[in-house]
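Before any comments, here is the structure.
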Amino acid sequence: MTIPHDDLLRYRAEFPILSKKVYLNSCSLGALSTRTRAAVNGFMDDWENWGASAWYRDWIGVLADTRREFAMLIGAGEHEIALLPSVSAALGALASGMSSTFTERPEVITTDLDFPTVHYLWQAWHREGVELTVLPGNGVTVPLEQWEASLSPRTALAMTSHVFFTSGAIQDVQVLTEMAHAQGALSVIDAYQGTGQLPTDVKALGVDVLMTGGLKWLLGGPGIVYLYVREGLIPRFEPLLTGWFANQHQFAFDPNRFEYSSDARRFESGTPPLASVFAGRAGLQILNEIGPQRIRERTSALLYDFIDRARARGWDIRGASMEPEQRAGIALMNVADPTGLTAALKERNIILDYRPGAIRYSTYFYNTVEENTMLLEALDELLR
Ligand SMILES: Cc1ncc(COP(=O)(O)O)c(C=O)c1O
């Protein structure tokens with residue numbers, strides 16, 4: 001199989017782990033780049049050399065810059081982006097900003113394939129009257145008909161993943177959003193497994209809220225999450241989880257003058273984790289430099305190189321019926337002992353991970369066919 005965009009292999013030198021390991025686990029943690037390390041070191045240097053004046057000299061600007069880089073990646077405006085430390089925190093801010101909605105529309109719909117933190121948050125909001133409906137998927141995805149049948153005028157939010165973390169299946173969040181809107185509900189998309197590896201144009205998709213972060217495909221590590229809220233919606237939210245970074249008059253330092261920021265910064269709260277912001281921005285710059293379309297083409301080809309050769313060996317890849325355009329760069333392979341197999345691969349310097357019942361493979365623009373071959377040959381021996 002020919003893998004497009006071999007020119008991207010020049011990036012391998014920027015990711016030191018790739019010379020030491022066969023790294024096929026970007027869906028858990030994107031590889032650390034020398035650029036990201038340098039960015040964090042730059043933050044430390046600022047801190048050491050300038051002390052508090054680094055805030056005005058540089059750091060406030062870096063926050064704005066980071067929002068702008070993310071906005072560029074998803075086709076949004078900078079004013080529609082907030083920086084938060086985790087998806088859980090972003091969801092908390094969002095939920096706490098719409099309490100009154102739940103009186104008329106108590107239902108939040110999600111699926112059993114969504115990331116657990118989503119469930120935990122909305123389960124906790126039961127105390128505030130939220131009724132959580134969990135759509136049962138088929139282990140790979142949730143058919144759109146199921147969404148359509150469940151959405152109703154009682155639904156406040158359709159909250160789900162762009163890409164499911166235990167199957168790699170891409171949901172059609174554009175159609176899903178149209179279905180939600182037809183019932184007067186909003187779509188809230190957890191795009192942690194999508195943005196970066198998939199071209200994401202929030203305006204074309206029409207989604208209301210989208211969140212993702214540095215940890216995985218955006219190459220920025222932990223501690224930084226990006227929250228997009230559609231322009232016209234922003235004034236509808238008044239988060240109870242708040243703080244001085246959400247204040248339109250932040251630098252007035254006046255305890256009696258709080259007004260929610262007119263833009264998405266109203267979802268922020270306290271001092272952001274700056275080291276993570278620096279790392280996050282460096283990751284976003286790499287993504288914007290390459291462009292997600294090229295990343296998608298390369299990642300998809302590498303994924304199918306692995307899947308086709310695994311299937312030819314009779315191995316059981318989850319979601320056999322999925323078309324290439326429905327699959328992001330993640331594949332789950334059902335095996336008897338995922339933990340043991342993952343550990344045995346690690347012994348051979350091959351890094352992937354596992355989820356219940358399966359090993360989880362993921363590939364990215366910096367990976368190669370040769371790395372797939374090394375994995376397949378190791379599996380040949382280990383599964384014999
Ligand atoms: C789909 C998805 N959502 C959310 C998260 C993480 O959520 P949080 O930022 O709250 O740790 C992950 C992975 O860690 C994920 O795969």
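Numbering of residues begins at 1 and proceeds along the displayed sequence. When a ligand or atom number is given, it counts from 1 through the structure's own listing order.
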May I ask you to decide whether Arg384 forms a salt bridge with Asp380, counting only side-chain N to carboxylate O separations under 4.0 Å? no

With sequence neighbours excluded, tell me which residues meet side-chain contact (heavy atoms from CB on, under 4.5 Å) with Asp45. Asn49

Is a donor on one side and an acceptor on the other found under 3.5 Å between the side chain of Tyr226 and the backbone of Ala71? no

Under 3.5 Å, side chain of Asn367 to main-chain N/O of Leu24, donor-acceptor pair present? no

Could you identify the single nearest non-hydrogen protein atom to [atom] and state the distance to 0.1 Å?
atom	answer
atom 3 (N) of ligand 1	Asp190 OD2, 2.6 Å
atom 14 (O) of ligand 1	Lys216 NZ, 3.2 Å
atom 16 (O) of ligand 1	Gln193 NE2, 3.1 Å

N/O separation below 3.5 Å, [X] to ligand 1:
X	answer
Tyr192	no
Ser161	no
Thr117	no
Phe115	no

Testing Val335, Asp337, Leu341 for side-chain contact (heavy atoms from CB on, under 4.5 Å) with Leu382, which one passes? Leu341

Could you tell me if the ring centre of Phe165 sits under 6.0 Å from that of Phe115? yes

For atom 10 (O) of ligand 1, state which one of Ala89, Ser88, Ala191 supplies the nearest heavy atom. Ser88

Below 30° counts as parallel, above 60° as perpendicular, anything between as tilted: where do the rings of Phe251 and Trp244 land? perpendicular

Those atoms of ligand 1 less than 4.0 Å from some heavy atom in Val87: 7 (O), 8 (P), 9 (O), 10 (O)

